[in-house]
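Reviewing the structure listed below.
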Amino acid sequence: RILRIPYATDRDFPPFDRVTMDGIAINYQAFANGERAYLIEGICPAGSPQLELKDTNNCLEVMTGAVLPRGCDTVIRYEDLVIESNVATIQVDHVKEAQNVHFKGSDLKKDSTVLKQGERISPAHIGILSSIGAHYVNVSKLPKVIIASTGDELVNVNETPLAHQIRRSNVHTIQNILVQKHIPSDECHLPDSRDKLREQLAGILNSYDVLILSGAVSKGKFDFVPEILEELQVKKHFHRVAQRPGKPFWFGESQNTVVFALPGNPASSFMCTHQYVIPWIEKSLERAHWNKKEYAILSQDVYFKPALDYFLEVELTVSDKGNLLMTPRKGNGSGDLINLAKADALVHLPSHKNEFKEGESYPIIRVR
C-alpha cells in the first residue's frame with residue numbers, strides 16, 4: 001500500500017539513552033582515572049525504570065534495551081569482563097567513552113517526519129509505524145481492476161484446444177504482472193458477438209475502476225472494441241502509438257472507469273502493461289517517484305530502422321566493474337511468448353535513432 005499522508009515521530013528516537021550490549025554501565029571518568037575493578041551496585045533489565053549509579057567508581061549491570069542508568073555514560077560488554085564476588089573487572093585496555101549506548105534522539109527528534117507521503121509500505125515501514133503508535137494507517141485505495149480477453153479462438157487453460165484454437169494466456173500474464181505490484185484483479189472472457197460484447201462491457205463499466213482489455217483493438221472485421229466503447233460513452237484519448245510492439249494500443253475513460261485496450265499479441269500486451277498500465281496505477285495511487293527510471297548499458301550494437309519507439313527484450317548481467325549490462329534477445333515478433341520468458345527487462349530505444357551502439361545507456365523496464 002502507498003502512504004497517503006506523512007507520519008512523524010511521537011517522541012524522540014530512541015526515546016531514552018538505550019543500552020545496546022549486555023554488560024556493565026560505568027562512568028567513563030572512573031576508567032580514565034585508572035579504575036578497572038567495579039563493585040556492582042545492582043542490575044537494570046530492559047523494561048525497568050531508570051536506576052542511578054550511587055558511586056561513580058562502581059557499576060550497574062545492564063541488559064540490551066535497558067535505560068542507561070543516571071551517572072553512567074559507557075557500557076562494557078560481558079565478553080570484556082571477569083565477574084567474581086560481585087566485582088566486575090575490565091579485561092581490555094581500550095574503552096571508548098559512550099560506547100554501546102544509543103543516545104536519546106540520536107536517530108530522530110520528536111515530531112520529525114519519519115515516513116513521507118507516497119512511500120510504498122515495506123516491512124521496515126511497518127516497524128516504524130508500529131513504534132510510533134500508528135495502528136491505523138492512511139493509504140491510497142486500491143483500484144478495482146478487471147482483465148478481459150476477447151476472441152472465439154481462445155479456450156480456458158484446462159481445456160484441450162481444437163486445431164484452430166489456443167488457450168487463454170494474456171489475461172493470466174497481465175494478472176500476475178499486477179500481482180507483482182500488489183494489485184488484485186478479476187478476469188473474464190468476452191465473446192466476439194457484437195451484441196453480447198456490448199452488454200458485458202456495459203456491466204463492467206458500471207462495476208470496476210479499471211478495465212484492461214486484451215485483443216480486438218486492431219482493424220480486423222471482428223475488432224469491435226473501440227467502436228463499442230465509444231457507444232458506451234467511453235472517451236477515447238488515443239488509439240495507436242508509434243511503437244513496436246503494441247502499435248494498436250487504445251486508451252480512454254468513462255465517467256467511472258479507465259480503459260486500457262491492449263493488442264492481443266503476447267509481447268504487445270506484455271509491454272503495454274508494463275509501459276502504461278503499471279505507471280498509470282502507481283501515479284494514481286500517488287506513489288512517490290513512480291516515474292523514476294533505471295538504465296542499463298548495451299553489450300552489443302542494435303539496429304532498428306522504422307521511426308518507432310522500440311521496446312526490445314533483453315537479458316541483464318552485471319560486469320566485473322558493477323555496471324548493469326543488457327544483451328538483446330531477438331524473438332519472432334510480437335506473437336513470441338516463449339522469448340518473453342527468457343527476458344529480464346525491456347529496453348526503451350527512442351524513435352529518433354536507428355543505430356544504438358555498444359556502451360550506450362538506455363532506460364529499461366524490469367519484467368523479472
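All values reported here derive from a predicted model rather than from experimental measurement. The figures that follow rest on heavy atoms only: side chains count, while hydrogens, waters and symmetry mates do not.
For His348 (side chain) and Asp309 (main-chain N/O), no donor-acceptor pair under 3.5 Å exists by modelled atom type. Formation of a donor-acceptor pair under 3.5 Å by the Arg368 side chain with backbone atoms of Ala341 is found in this model. In this structure, the side chain of Ser130 engages the main chain of Ile126 through a donor-acceptor pair within 3.5 Å. One N or O on the side chain of Asp55 and one on the backbone of Asn57 form a donor-acceptor pair closer than 3.5 Å. Using modelled atom types, no side-chain atom of Gln275 and backbone atom of Cys272 make a donor-acceptor pair closer than 3.5 Å. Of the possible polar contacts, none joining the Gln165 side chain to the Val155 backbone as a donor-acceptor pair under 3.5 Å is found. Counting only distance, with no hydrogens or angles, the side chain of Thr257 and the backbone of Val210 share no donor-acceptor pair below 3.5 Å. A donor-acceptor contact shorter than 3.5 Å links the side chain of Ser112 to the backbone of Lys109. In this structure, Thr56 contributes its side chain and Asn27 its backbone to no donor-acceptor pair below 3.5 Å. Of the possible donor and acceptor atoms, none in the side chain of Asn58 sits under 3.5 Å from a partner among the backbone N and O of Lys54.
Salt bridge absent: Asp12 and Lys110 never bring a charged side-chain N and a carboxylate O closer than 4.0 Å. The pair Glu159-Arg168 fails the salt-bridge criterion, with no side-chain N (NZ, NE, NH1 or NH2) lying under 4.0 Å from an Asp/Glu carboxylate O. Between Lys292 and Glu282 there is no salt bridge, since none of the side-chain N atoms of the basic residue sits less than 4.0 Å from a carboxylate O of the acidic one.
With values rounded to the nearest 0.5 angstrom, Asn100 atom CG is found 9.0 Å from Thr74 atom OG1. Glu61 contributes atom CD, which lies 14.5 Å from atom OH of Tyr38 (distance to the nearest 0.5 angstrom). Glu294 CD to Arg366 CZ: the interatomic distance, rounded to the nearest 0.5 Å, is 4.0 Å. Rounding to the nearest 0.5 angstrom, the gap separating the CE atom in Met326 from the OG atom in Ser299 is 8.5 Å. If you take CD1 on Ile90 and CG on Asp80, they are separated by 8.5 Å, rounding to the nearest 0.5 Å. Rounding to the nearest 0.5 Å places OG1 of Thr150 at 7.0 Å from CG of Leu190.
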Please determine whether salt bridge (Lys or Arg N to Asp or Glu O under 4.0 Å) holds for the pair Glu315 and Lys342, giving the CA-CA distance in whole Å, both sets of side-chain angles, and the decisive distance to 0.1 Å. CA-CA 7 Å; Glu315 291 185 58; Lys342 299 176 181 179; over 6 Å; no
Go through it in stages, so that I can follow the logic: the residues are Arg198 and Asp195, the test is salt bridge (Lys or Arg N to Asp or Glu O under 4.0 Å), and I'd like the CA-CA distance, side-chain angles, deciding distance and then a yes or no. CA-CA 5 Å; Arg198 190 184 192 283; Asp195 291 340; over 6 Å; no
Going through the checks in order, is the salt bridge (Lys or Arg N to Asp or Glu O under 4.0 Å) test met by Glu355 and Lys357? CA-CA 6 Å; Glu355 294 186 8; Lys357 296 296 186 180; 3.6 Å; yes
Test salt bridge (Lys or Arg N to Asp or Glu O under 4.0 Å) applied to Glu119 and Arg1, step by step: CA-CA 8 Å; Glu119 291 191 56; Arg1 291 301 189 99; over 6 Å; no
Evaluate the ring-ring contact (aromatic ring centres under 6.0 Å, His included) criterion for residues Tyr276 and Phe249: first the C-alpha distance (whole Å), next the side-chain angles of each, then the deciding distance (0.1 Å), finally the verdict. CA-CA 10 Å; Tyr276 301 108; Phe249 176 52; 4.6 Å; yes
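For the pair Cys72/Ile26, no side-chain contact is recorded, criterion being any heavy-atom separation below 4.5 Å from C-beta on. For the pair Gln300/Thr327, a side-chain contact is recorded, criterion being any heavy-atom separation below 4.5 Å from C-beta on. Between Ile204 and Cys188 the shortest side-chain heavy-atom distance falls below 4.5 Å. With a 4.5 Å cut-off on side-chain heavy atoms, Val87 and Ile40 do not count as touching. At a threshold of 4.5 Å between non-hydrogen side-chain atoms, the residues Phe13 and Ile132 count as touching. Looking only at side-chain heavy atoms (C-beta outward), Ile183 and Ile177 stay at 4.5 Å or farther from each other. Between Glu253 and Val234 there is no side-chain heavy-atom pair separated by less than 4.5 Å. In this structure, the side chains of Val259 and Leu213 come closer than 4.5 Å at one or more pairs of heavy atoms.
No donor-acceptor contact under 3.5 angstrom links the side chains of His102 and Asp17, judged on distance only. Side-chain contact check for Gln117 and Arg4: no donor-acceptor pair (N or O, by modelled atom type) lies under 3.5 Å. A donor-acceptor pair shorter than 3.5 Å cannot be found between the side chains of Lys305 and Tyr310. A side-chain N or O of Gln29 and one of Asn33 form a donor-acceptor pair less than 3.5 Å apart. Neither side chain, Ser169 nor His172, offers a donor N or O lying under 3.5 Å from an acceptor on the other. In this model, a donor atom of one side chain and an acceptor atom of the other lie less than 3.5 Å apart for Arg329 and Asn339. If you check the side chains of Ser149 and His189, you find a donor sitting under 3.5 Å from an acceptor. Side-chain contact of Asn170 with Ser214: a donor-acceptor pair under 3.5 Å is present, judged by distance alone.
Taking the six-membered ring for Trp and the full ring otherwise, the centers of Phe356 and Phe304 sit at least 6.0 Å from each other. Between Phe260 and Trp280, the gap from one ring centroid to the other is short of 6.0 Å.
For the pair Lys104 and Phe16, the cation-pi criterion (under 6.0 Å, within 45° of the ring axis) is not fulfilled. For Arg244 and Phe311, the positive end is not near the middle of the six-membered ring at less than 6.0 Å and at most 45° from its axis.
Around the CD atom of Glu84, the shell of radius 6.0 Å holds no more than 12 heavy atoms that belong to other residues, nucleotides or ligands. No more than 12 heavy atoms of other residues, nucleotides or ligands shown are found within 6.0 angstrom of CD on Glu199. Residue-environment remark: CD (Glu230) stays at or below the threshold of 12 foreign heavy atoms within 6.0 Å. The local environment of NZ in Lys141 is crowded, with over 12 non-hydrogen atoms from other residues, nucleotides or ligands closer than 6.0 Å. The number of heavy-atom neighbours closer than 6.0 Å to CD of Gln255, taken from other residues, nucleotides and ligands shown, is 12 or below. With a 6.0 Å radius and a threshold of 12 heavy atoms from other residues, nucleotides or ligands, Lys247 has its NZ atom at or below the threshold. Around the CG atom of Asn158, the shell of radius 6.0 Å holds more than 12 heavy atoms that belong to other residues, nucleotides or ligands.
Taking each heavy atom of Leu340 and Ala267 in turn, the nearest pair found is CD1-CA, 3.9 Å. The nearest pair of heavy atoms linking Tyr7 to Val137 is OH-CA, 3.3 Å. Across Thr273 and Ser269, no two heavy atoms sit closer than the pair OG1-O, 2.7 Å. Taking both residues in full, the closest heavy atoms of Gly246 and Pro263 are given as CA-CG, 3.8 Å, listed atom of the first, atom of the second, then distance.
Met21 and Ile76 are assigned to two separate hydrophobic clusters, defined by single-linkage of ILVMFWY side chains at heavy-atom distances under 4.5 Å. Hydrophobic clustering places Ile365 together with Ile174 (ILVMFWY residues linked when any side-chain heavy atoms are closer than 4.5 Å, directly or through intermediates). Under the 4.5 Å side-chain heavy-atom criterion for grouping Ile, Leu, Val, Met, Phe, Trp and Tyr, Phe103 is connected to Val19 within one hydrophobic cluster. In this structure, Ile147 is a member of the same hydrophobic cluster as Val367, with clusters built from ILVMFWY side-chain heavy atoms closer than 4.5 Å.
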